[in-house]
Participant: 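Next up is a structure, given as structure tokens.
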Protein chains: 2
Amino acid sequence: MGRLSTVRDDQVFSVVGARLAGDGAITLQTVVDDTGVSVGSLYHRYGSREALLALTWLDAVRAFQTCFLTALESGGDDAGERAALATPRFCRSDHQRAIVLSCCRPAEFFSPATPQHLQKEISNVNKAAAAAIRRYAKCSGYSLEACRLGLIAFPLGAVRLYLPARPVPQALDEYISAAFWSAVETG
Amino acid sequence: MGRLSTVRDDQVFSVVGARLAGDGAITLQTVVDDTGVSVGSLYHRYGSREALLALTWLDAVRAFQTCFLTALESGGDDAGERAALATPRFCRSDHQRAIVLSCCRPAEFFSPATPQHLQKEISNVNKAAAAAIRRYAKCSGYSLEACRLGLIAFPLGAVRLYLPARPVPQALDEYISAAFWSAVETG
DNA sequence: CCTTTACTAGAATATTTGTTCTAGTATATG
DNA sequence: CATATACTAGAACAAATATTCTAGTAAAGG
């Protein structure tokens with residue numbers, strides 16, 4: 001019902017991510033130039049600049065969490081290790097979205113001006129991940145801090161050595177696995 | 001010779017860092033409001049917004065490198081481990097500068113508009129650190145990638161779990177040490 | 001086919017933001 | 001004290017940016 005978009009949402013989000021990898025300045029003008037979508041269209045579709053940024057972040061974080069939570073909740077003794085490796089794998093399979101997640105502070109995407117319903121969604125997404133990590137900690141017996149470090153902090157720190165400019169090398173996985181086990185064995 | 005500043009440079013840099021920890025938007029207006037220094041003063045002292053941002057970053061990175069390089073080049077079998085721990089220690093001793101280093105992409109501080117001489121200085125500072133890490137890799141026999149991960153990536157990833165809002169807990173050091181050794185033993 | 005609906009287009013507007021400018025102030029040095 | 005020097009102050013200006021508005025276009029459903 002109604003006219004169809006000439007440029008898909010994910011193409012718009014991708015352009016926003018690409019800008020972040022560059023000079024990092026995201027103005028509506030840059031989005032217009034890079035996508036070919038007019039200002040009027042952007043406002044019709046997303047409502048505001050803040051909403052567009054929040055949607056870009058949500059799109060990226062949902063894609064990542066699908067990979068991460070699937071691994072973490074798959075069971076088995078190496079579920080944690082596979083979840084830790086979800087980060088470098090995601091960077092290789094979805095570079096553009098990985099840039100959004102790895103190169104940005106939340107403050108770049110969310111502000112008091114972000115629409116309420118998006119703030120709510122963002123909050124929910126974050127809570128879901130935090131809850132999954134808590135569950136994993138409880139089941140595995142590892143400390144919560146060790147899990148946060150081994151599952152998130154170390155893998156993220158590692159890929160940030162390469163992103164946004166260079167691809168994440170396969171060789172990184174071995175280090176990330178080792179760091180994961182070092183964390184859970186320490187705590 | 002001449003009148004003295006009522007607000008010191010490091011106080012101005014500190015305010016810029018504090019903003020980054022908040023909503024992240026650094027406009028001259030926010031700097032004026034937070035420091036009480038007028039726009040005219042800021043331009044007289046720093047020349048441009050870009051210069052102020054670059055100086056803020058340089059101030060922070062120099063302070064960190066003093067700690068980091070001292071540890072790394074002190075010799076001994078645990079020089080690497082102490083250099084890795086320089087990151088959490090720095091975060092505890094100099095929270096404001098740590099925020100500048102840990103919470104920001106370079107693109108937020110440098111642009112084509114950054115004055116030439118500051119771009120040069122920034123380049124030199126980065127080269128000095130990279131060279132020190134290469135030397136350490138050569139002396140220790142560890143791979144360069146392992147050193148970059150163990151000395152920089154893992155410690156930085158770890159402290160980012162807490163910054164900018166919360167203090168970096170002492171307990172983190174044990175995990176960072178373990179991650180450092182896991183890296184150099186893997187590579 | 002006609003209507004409804006969602007999308008497109010870009011000029012116009014209002015706001016924010018960086019920069020410049022002129023006048024004035026305080027301090028070190030001779 | 002006199003003067004050069006660096007800093008302070010904030011209004012005025014120019015540029016960039018977000019947002020609104022009106023008119024028009026394409027596709028789906030009755």
Side-chain angles (χ1 to χ4, degrees), chain A residues 1-16 18-20 22-57 59 104 107-119, chain B residues 1-16 18-20 22-57 59 104 107-119:
Chain A
M1 45 174 77
R3 187 175 174 179
L4 302 176
S5 306
T6 57
V7 177
R8 292 190 314 277
D9 286 345
D10 65 273
Q11 294 177 292
V12 178
F13 300 154
S14 175
V15 160
V16 174
R19 272 282 159 187
L20 284 170
D23 62 5
I26 303 170
T27 67
L28 287 182
Q29 196 54 52
T30 65
V31 178
V32 167
D33 293 345
D34 295 354
T35 58
V37 177
S38 68
V39 210
S41 292
L42 291 175
Y43 272 85
H44 176 80
R45 291 168 67 174
Y46 308 115
S48 70
R49 175 180 180 275
E50 295 303 323
L52 171 57
L53 294 182
L55 286 168
T56 299
W57 191 85
D59 171 68
C104 308
E108 292 185 73
F109 286 94
F110 317 120
S111 74
T114 302
Q116 281 293 318
H117 71 283
L118 291 177
Q119 291 196 32
Chain B
M1 45 174 74
R3 187 175 173 178
L4 302 175
S5 307
T6 56
V7 178
R8 292 190 314 277
D9 286 344
D10 65 272
Q11 293 178 292
V12 177
F13 300 155
S14 174
V15 160
V16 173
R19 272 282 159 186
L20 283 169
D23 62 5
I26 304 170
T27 68
L28 287 182
Q29 195 55 51
T30 65
V31 178
V32 167
D33 293 345
D34 294 355
T35 58
V37 177
S38 68
V39 208
S41 293
L42 292 174
Y43 272 83
H44 176 80
R45 292 168 66 174
Y46 307 114
S48 69
R49 176 181 180 273
E50 294 304 322
L52 171 57
L53 294 183
L55 286 168
T56 299
W57 191 87
D59 172 68
C104 307
E108 291 185 74
F109 286 95
F110 317 121
S111 75
T114 302
Q116 281 292 318
H117 71 283
L118 290 177
Q119 290 195 32

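In this text the structure is predicted, and so the values were computed from the model without any measurement. All chains are named by letter (A, B, ...) in the order of the sequence lines, taking the proteins before the strands, and each is independently numbered beginning at 1.
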Participant: Examine distances only and state if a side-chain atom of A:Ser5 and a backbone atom of A:Arg8 form a donor-acceptor pair shorter than 3.5 Å.
Facilitator: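 Between the backbone of A:Arg8 and the side chain of A:Ser5 there is no qualifying donor-acceptor contact (under 3.5 Å).
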Participant: May I ask you to verify if any side-chain N or O of A:Ser48 is less than 4.0 angstrom from the OP1 or OP2 atom of D:dT19?
Facilitator: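 False: A:Ser48 side-chain N/O out of range (4.0 Å or more) of D:dT19 OP1/OP2.
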Participant: Can you check whether B:Leu52's main-chain N or O pairs, donor with acceptor, with B:Thr56's side chain at less than 3.5 Å?
Facilitator: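 Judged by distance alone, yes, a pair lies under 3.5 Å.
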Participant: Any side-chain heavy-atom pair from B:Val12 and B:Val15 closer than 4.5 angstrom?
Facilitator: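 With C-beta onward as the side chain, the pair stays apart.
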Participant: Any side-chain heavy-atom pair from B:Val37 and B:Gln11 closer than 4.5 angstrom?
Facilitator: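 Answer no - side chains too far apart.
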Participant: Would you call A:Arg45 and A:Asp9 a side-chain contact if the rule is heavy atoms closer than 4.5 Å?
Facilitator: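 Result yes, sub-4.5 Å side-chain heavy-atom pair found.
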Participant: Which ones in residues 28-46 of chain B lie close to DNA chain C, meaning a heavy atom under 4.0 Å from one of its atoms?
Facilitator: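 Close to the strand are B:Leu28, B:Val39, B:Tyr43.
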Participant: So, does B:Thr35 use its side chain to make a donor-acceptor pair with the main chain of B:Val31 at under 3.5 Å?
Facilitator: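 Checking the backbone N and O of B:Val31 against the side chain of B:Thr35, a donor-acceptor pair under 3.5 Å is found.
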Participant: For B:Thr6 and B:Gly2, find the nucleotide of DNA chain D closest to each by heavy atoms; which residue's nucleotide sits nearer the 5' end?
Facilitator: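 Going by which nucleotide is closer to the 5' end, it is B:Gly2.
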Participant: Would you indicate, yes or no, if D:dA6 has its OP1 or OP2 atom less than 4.0 angstrom from a side-chain nitrogen or oxygen of B:Ser5?
Facilitator: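 Checking B:Ser5 against D:dA6: no side-chain N or O falls below 4.0 Å of OP1 or OP2.
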Participant: When you measure only distances, ignoring hydrogens and angles, does the side chain of A:Arg3 come within 3.5 Å of the base of D:dT25 through a donor and an acceptor?
Facilitator: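 Counting by modelled atom types and ignoring angles, a donor-acceptor contact under 3.5 Å is found here.
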Participant: Parallel, tilted or perpendicular: which one describes the rings of A:Phe110 and A:Trp57, with boundaries at 30° and 60°?
Facilitator: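 Correct class here is perpendicular.
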Participant: Heavy-atom contacts under 4.0 Å between residues 107-116 of chain A and DNA chain C, which residues?
Facilitator: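 Those residues: none at all.
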